[in-house]
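This report concerns only the one structure given below.
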Amino acid sequence: MLDMKFIRENPEIVRQGLLNKNSADVVDEILSIDEERRALILKTDELKAKRNQASAQIPMMKKSGQDTAPVLAEMKSVSDQITQLDIQLREIEDKLEDILRHTPNIAHSSVPVGKTAEENVESRRWLPNGFNFQNDFKVLDHIELGKKLKILDFERGTKISGSGFPLYTAKGATLERALINYMLDYHLQHHGYSEVMPPILVNRKSMEGTGQIPKMEEDMYFIEKDGLYPIPTAEVPITNIHRDEILNEKDLPIKYVGYSPCFRREAGSYGKESKGFLRVHQFNKVEMVKFVKPETSFDELEKLVVDAEDILQALNVPYRILLLCTGDLSFSAAKCYDIETWSPAENRWLEASSCSNFEAFQARRANIRFRNEATKKPEFVHTLNGSGLATSRLMVSILENCQTPEGKIIVPKVLQKYTRFEIID
RNA sequence: GGAGAGAUGGCAGAGUGGUUGAAUGCGGCGGUCUUGAAAACCGUUAAGGAUGUAAGUCCUUCCGGGGUUCGAAUCCCUGUCUCUCCGCCA
């Protein structure tokens with residue numbers, strides 16, 4: 001959620017920010033509702049002050065034997081007015097809140113302005129030693145490899161649940177588990193994160209806190225009977241760990257890493273990109289979440305990207321980093337880098353991670369604050385998160401990049417102590 | 001799933017209709033004392049909002065919502081959550 005005060009004081013910045021994010025210009029509407037709201041508050045406060053004064057006097061009047069009937073009658077009417085005004089005020093505040101909740105975050109000034117993903121900017125790329133985009137043998141795609149080596153069974157996954165629910169078998173399952181464990185261990189040992197294993201069904205408040213709801217509601221699974229949502233990313237439960245809390249400044253930054261399965265309905269995306277692992281309803285992801293002081297959040301974002309990159313370099317997977325343009329930024333993000341890994345069979349880059357700074361947008365929604373030691377006042381933290389990383393797309397790149405001309409897979413060195421095998425054949 | 005108990009400030013815990021935003025204790029912060037520290041003592045210590053250049057003034061908030069009343073932490077209804085016991089269960 002954007003800060004109402006900021007909108008009031010910087011309407012033109014917000015207006016331009018919304019336009020850059022391909023979002024409707026609701027600034028004037030917000031300002032006029034806000035004005036209406038403040039006028040009402042003025043009126044009710046006046047009446048309430050009057051009522052409070054009378055409430056203090058009535059007992060004293062009674063003690064001294066004065067007739068309180070006229071005061072009581074007057075206060076009755078004051079109270080009725082307050083009730084009416086409070087109803088009006090409530091309606092207006094609901095209206096304002098509703099618009100604000102549907103209004104996206106605006107981009108940071110360092111983000112390139114652009115309409116679509118076409119205008120994202122590649123900030124750097126990393127390729128393993130001796131890497132070549134052209135292979136001198138016919139590369140198999142991950143689906144063919146999965147079938148040939150009996151490590152992925154998309155048909156049976158479909159039988160069990162439906163399309164988009166992959167079944168990993170034999171060494172494929174082990175490799176997946178190895179990858180998750182390796183990534184967690186790496187972040188714990190080298191990057192100073194603290195491990196969490198969060199609930200994967202969350203309530204509505206949590207989904208609102210991180211901004212998946214209300215805008216993305218259609219893409220979320222929902223268990224009606226219990227009012228719970230299977231999480232689309234561990235960002236949701238992990239960020240909500242500190243919902244409605246005031247953190248100590250000296251504890252910041254707080255850095256969590258956690259594994260979870262992720263569930264996405266991907267409504268309306270059938271056909272396109274839907275084969276194999278490219279777009280699935282359930283996948284595994286190791287997620288990094290940070291709670292930081294506002295002035296450090298953009299530095300922390302850069303570090304977050306490097307934390308994810310380290311893993312890819314250790315795995316020897318070619319990747320590039322994209323700085324998303326304003327139009328491609330998600331609802332809650334102020335700045336975001338995507339990390340894409342190379343798929344030789346698809347002959348293109350696949351998004352394997354997304355690292356975002358939400359500034360105070362999520363913190364304001366989820367009411368996550370810290371006490372500023374200098375001012376003694378609570379302030380909103382900045383939240384960030386990044387995949388570190390999602391295994392499904394990464395698995396595509398690992399399988400395809402590590403295949404031999406005979407169609408076997410050489411397990412990346414760093415994973416071998418987790419898999420206890422070096423080759424899949 | 002059945003039965004019962006409860007939800008108050010950073011925490012613990014009083015408070016059953018009228019200066020109660022809330023006793024007391026702990027914790028935090030500032031000070032006195034001390035070579036330093038501890039102890040002791042004194043003081044201080046909620047959040048949000050409106051208004052104002054500011055100092056300040058005012059309003060709201062004792063789990064959420066509704067009601068009774070001139071007035072609610074306190075009474076009534078309702079929702080949510082937590083805890084205890086029983087049942088079931090990986």
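Both backbone and side-chain heavy atoms feed into the values below; hydrogens, waters and symmetry mates do not. Naming: A, B, ... by sequence-line order, numbering from 1 per chain.
The cationic atom of A/Lys335 (NZ for Lys, CZ for Arg) does not lie both less than 6.0 Å from the six-membered ring centre of A/Phe298 and within 45° of the ring axis.
If you take CD of A/Glu93 and P of B/U60, they are 14 Å apart, rounded to a whole angstrom. Atom CG in A/Asn248 sits about 13 Å away from atom C1' in B/C11, given to the nearest Å. Whole-Å rounding puts the A/Met61 CE to B/G71 C1' distance at 14 Å. Note: CZ (A/Phe370) to P (B/G10) measures 17 Å, nearest angstrom. In this structure, the CG atom of A/Leu47 is 17 Å from the P atom of B/C70, given to the nearest Å. For A/Lys50 and B/C58, the NZ to P distance is 17 Å, given to the nearest whole Å. Computed from coordinates, the A/Met75 CE to B/G71 P distance equals 10 Å when rounded to whole Å.
A close approach under 4.0 Å does occur between a side-chain nitrogen or oxygen of A/Arg371 and OP1 or OP2 of B/A47. A sub-4.0 Å separation between OP1 or OP2 of B/A50 and a side-chain N or O of A/Arg8 is present. Taking side-chain N and O atoms only, A/Asn52 has a distance below 4.0 Å to OP1 or OP2 of B/U60.
The aromatic rings of A/Tyr229 and A/Phe222 sit tilted, their planes meeting at an angle between 30° and 60°.
Side-chain rings of A/Phe263 and A/Phe283 stay apart, their centers remaining 6.0 Å or farther from each other.
At a threshold of 4.0 Å, the pair A/Arg371-A/Glu249 does not count as salt-bridged, since none of the basic side-chain nitrogens sits closer than that to a carboxylate oxygen. Salt bridge absent: A/Arg264 and A/Asp219 never bring a charged side-chain N and a carboxylate O closer than 4.0 Å. Ionic pairing of A/Glu46 and A/Arg51 is not present here: no N-O contact between side-chain nitrogen and carboxylate oxygen is shorter than 4.0 angstrom.
Residue A/Ala49 is classed as a sugar-phosphate contact, given heavy-atom separations below 4.0 Å to backbone atoms only.
Within a heavy-atom distance below 4.0 Å of RNA chain B, the residues of residues 77-92 of chain A found are A/Ser79, A/Arg90. At a non-hydrogen distance threshold of 4.0 Å, A/Arg37, A/Arg38, A/Ile41, A/Leu42 from residues 34-44 of chain A come into contact with RNA chain B.
Residue pairs that meet the side-chain hydrogen bond (donor to acceptor under 3.5 Å, both in side chains) test with at least one member in residues 173-187 of chain A, sequence neighbours left out, are A/Tyr168-A/Glu176, A/Glu176-A/Asn284, A/Glu176-A/Thr391, A/Asp185-A/Tyr418, A/His187-A/His191. Contacts classified as side-chain hydrogen bond (donor to acceptor under 3.5 Å, both in side chains) and involving residues 1-10 of chain A (residues at least two apart or in different chains) are given here: A/Arg8-A/Asp34. Residue pairs meeting the side-chain hydrogen bond (donor to acceptor under 3.5 Å, both in side chains) criterion with at least one member in residues 90-101 of chain A, sequence neighbours excluded, are A/Arg37-A/Glu93, A/Glu97-A/Arg101.
Where A/Ala56 and A/Lys48 each meet RNA chain B at their nearest nucleotide, the meeting point lying more 5' is that of A/Ala56. Residue order along RNA chain B, read from the 5' end via each residue's closest nucleotide, puts A/Met60 first among A/Asp45 and A/Met60.
Atom CE of A/Met216 has 12 or fewer neighbouring heavy atoms from other residues, nucleotides or ligands inside a 6.0 Å radius.
Considering CG of A/Asn367 and CD1 of A/Ile246, their distance stands at 7.5 Å, rounded to 0.5 Å. For the atom pair CG of A/Leu96 and CD1 of A/Ile92, the computed distance is 9.5 Å after rounding to the nearest 0.5 Å.
For RNA chain B, if you chain together Watson-Crick or G-U pairs that step i with j, i+1 with j-1 and so on, the runs of at least three with distances under 3.5 Å are B:1-7 with B:80-86, B:10-12 with B:24-26, B:27-32 with B:40-45, B:46-51 with B:56-61, B:63-67 with B:75-79.
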